[in-house]
Amino acid sequence: MSAVLPAFSGLAKGLINRSLLTEDRALKCADDAARKNIPLVSYLVNSGTLQGLEIATAMAEEFAVPLLDLSVFLPAYLPVKAVSEKLILAHHVLPLFKRGHRLFLAVADPSQYAAFEEIKFHSGMTIEIVVVEEEKLVKAIEAAVDAADTTFKDLLSVNLDSINLTASEGTKGPVDPGADPDDAPVVRFVNKVLLDAIKKGASDIHFEPYEKEFRIRYRNDGMLHEIASPPINLAGRIAARLKVMSRMDIAERRVPQDGRIKLEISKQRAIDFRVNTCPTLFGEKIVLRILDPASARIGIERLGFEPEQRVNFLEAINKPYGMILVTGPTGSGKTVTLYTGLNILNTSDQNISTVEDPVEITVPGINQVNVNVKTGLTFAEALRAFLRQDPDIIMVGEIRDLETAEIAVKAAQTGHLVLSTLHTNDAPQTLNRLMQMGIPPFNIAASVLLILAQRLARRLCEYCKKPLHLPPETLLEAGFKEDDLVDGLVVYGPGECENCVKGYKGRVGIYQVMPITETLSRIILEGANVTRIAEQSALEGIDDLRASGLKKVKAGVTSLAEVDRITRE
């Protein structure tokens, strides 16, 4: 190994010493992290360069400090007040516990000596360092700061009518909590429904009036669950309250309306709700989509890619030009996948523009445009405008028509990286769909770099999942191979406990990642059908969605029933 350059110190030097980074790679990562104004350890994890556990293990050995699993600590019981919130966020540290005059800090980078001295000065305590994984530290800091934030505590208890709610579009300032004192209980009830949805990790809230009942449902991990059934005579008042909050026309009940609500739940976190009303036989059904900006910053390692799939995806997004297509049904996580890639590419030397309908996640450093058909701002018009502004990377929310497809393909062929989505069942069908739209095969072969099909499967709860005793015939019929059964394949199913919803907690991506190789390009040029493209993809070792899902079953991440549900035709 070559001698470490004098420019390297701290974390970078330790990673080079442990052969986790080369000097050139460390220098590039340090420069990119500085441009983004984020810690180097955060950049390394978010960009997929290294995993948090790799870094933590190396740093614990390099600096001779303990390595701890942060997930065993409860945020509500951490001595967060021992260090000011400003210092916690500025130096990316978290107080874990106190012993006498010693304060133990969780850090991902133990080389921040100046930061530790500053914390020592302000706290008046001796500082002891323990190393933790970067991903867990980020989540723990957010949870601990929220738990210590008195405003957030008030919101979850008695102050439900004083939430800072703002209509996000077309207005400024906080929403009037309601002039009619008789509606105070409705105001408090609606606020509690919104907060409970965030607390339980829901993605949508459905307010549904029927002839004799009114129900409210949350969508958790892709599945709807009824959480309340208020009296039917409250349906109109609840609908009116939601429309006031999102600055809709209260008097208009005959046509659908759209709006947005911003809810500030702590000093560090705000949640947007996209609101849509739809007139039904017995009143207005209202659906709120919860848009959490944090979902776009989860890091590529948490999406669920298999190692080879992750490599193929990272190679594609780091190409200077070409097209990357993500396909799958509504709610399959396409937007999060695209924004995870954009966050990796989002540096000060890149001009990134997106056009979406609508923009769901706002990201600093990316120029984002909302489609507005009424004013003539379509996907195609926005793309034309982008191409006159010297873009490096373009993201198109969805390719819906030939005009948009033609402009996107032309952009991909003229030195731009284009990311977009299509609604098809799998990767091979995406190529066929482009041909059906009228894109010539030679243009497809010359522009498309990679197609990624995806679904979201519910994760089995780690606390209550249980092994299932299935006969070999059933496993083989499900798609497993004889080799999988040699060592005794254990398949898990859902249990039920207080930590999950019917045995599942969270979701994981199931992917088919298909790079367009030279052989596939030739087949496309010949105008091959879906079957031939799929056969060639299989010959090149590309897992289809079913095979990718079975790997998650084999690893105990999800259940066979869940894979059956999301991959059945």
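Because only heavy atoms are used, hydrogens play no part in the values below, and waters and symmetry mates are left out as well, while side chains stay in.
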Whether Arg459 and Asp221 form a salt bridge (side-chain N of Lys/Arg under 4.0 Å from carboxylate O of Asp/Glu) is what I want to check.
no

Answer yes when Asp204 and Arg289 have at least one side-chain N-carboxylate O distance shorter than 4.0 Å, and no when they do not.
yes

The criterion is side-chain hydrogen bond (donor to acceptor under 3.5 Å, both in side chains); which residues satisfy it with Thr421, sequence neighbours excluded?
none

Any side chain to side chain donor-acceptor pair (under 3.5 Å) involving residues 434-456? Give me the pairs, sequence neighbours left out, ordered by first then second residue.
Thr337-Gln454, Gln413-Asn443

Residues that Ala202 engages under side-chain contact (heavy atoms from CB on, under 4.5 Å), provided they are two or more places apart:
Ala197, Tyr218, Asn220, Ile290

Checking the side chain of Lys334 only, and the main-chain atoms of Leu325 only, is there a donor and an acceptor separated by less than 3.5 Å?
no

Going by the salt bridge (Lys or Arg N to Asp or Glu O under 4.0 Å) test, which pairs reach into residues 402-420, not counting sequence neighbours?
Arg384-Glu403

Tell me, please, which residues at least two apart from Asn367 pass side-chain hydrogen bond (donor to acceptor under 3.5 Å, both in side chains).
Asn351

With Asn312, which residues qualify under side-chain hydrogen bond (donor to acceptor under 3.5 Å, both in side chains), at least two apart?
none

Quick check against the 3.5 Å criterion: does Thr57 have a side-chain atom that pairs as donor or acceptor with the backbone of Leu53?
yes

According to ring pair (Phe, Tyr, Trp, His ring centres under 6.0 Å), who are the partners of Phe379, at least two apart in sequence or on a separate chain?
none

Which pairs with one or both residues in residues 17-58 pass ring-ring contact (aromatic ring centres under 6.0 Å, His included), sequence neighbours excluded?
none

From Leu242 CG over to Thr277 OG1, what is the distance, rounded to the nearest 0.5 angstrom?
10.0 Å

Which atom pairs, one a donor and one an acceptor, fall under 3.5 Å between side chains of residues 524-531 and the rest of the protein, sequence neighbours left out?
from: Glu526; atom 1: OE1; to: Arg532; atom 2: NH1; distance (Å): 2.8
from: Glu526; atom 1: OE1; to: Arg532; atom 2: NH2; distance (Å): 3.2
from: Asn529; atom 1: OD1; to: Thr531; atom 2: N; distance (Å): 3.3
from: Asn529; atom 1: OD1; to: Arg532; atom 2: N; distance (Å): 2.9

How would you list, by chain and number, every residue that makes a side-chain hydrogen bond (donor to acceptor under 3.5 Å, both in side chains) with Lys554, sequence neighbours excluded?
Asp484

Any salt bridge between Glu62 and Arg18, counting N to O under 4.0 Å?
yes

Could you tell me whether Lys28 and Asp32 have a side-chain N and a carboxylate O separated by less than 4.0 Å?
yes

Between Thr558 and Ala457 the two heavy atoms that sit nearest each other are OG1-CB, 4.1 Å

Per the ring-ring contact (aromatic ring centres under 6.0 Å, His included) rule, what does the pair list look like for residues 504-525, sequence neighbours excluded?
Phe305-Tyr511

Of all residues at least two apart in sequence or in a different chain, which pass the side-chain contact (heavy atoms from CB on, under 4.5 Å) check with Lys136?
Asp69, Leu70, Ser71, Glu133

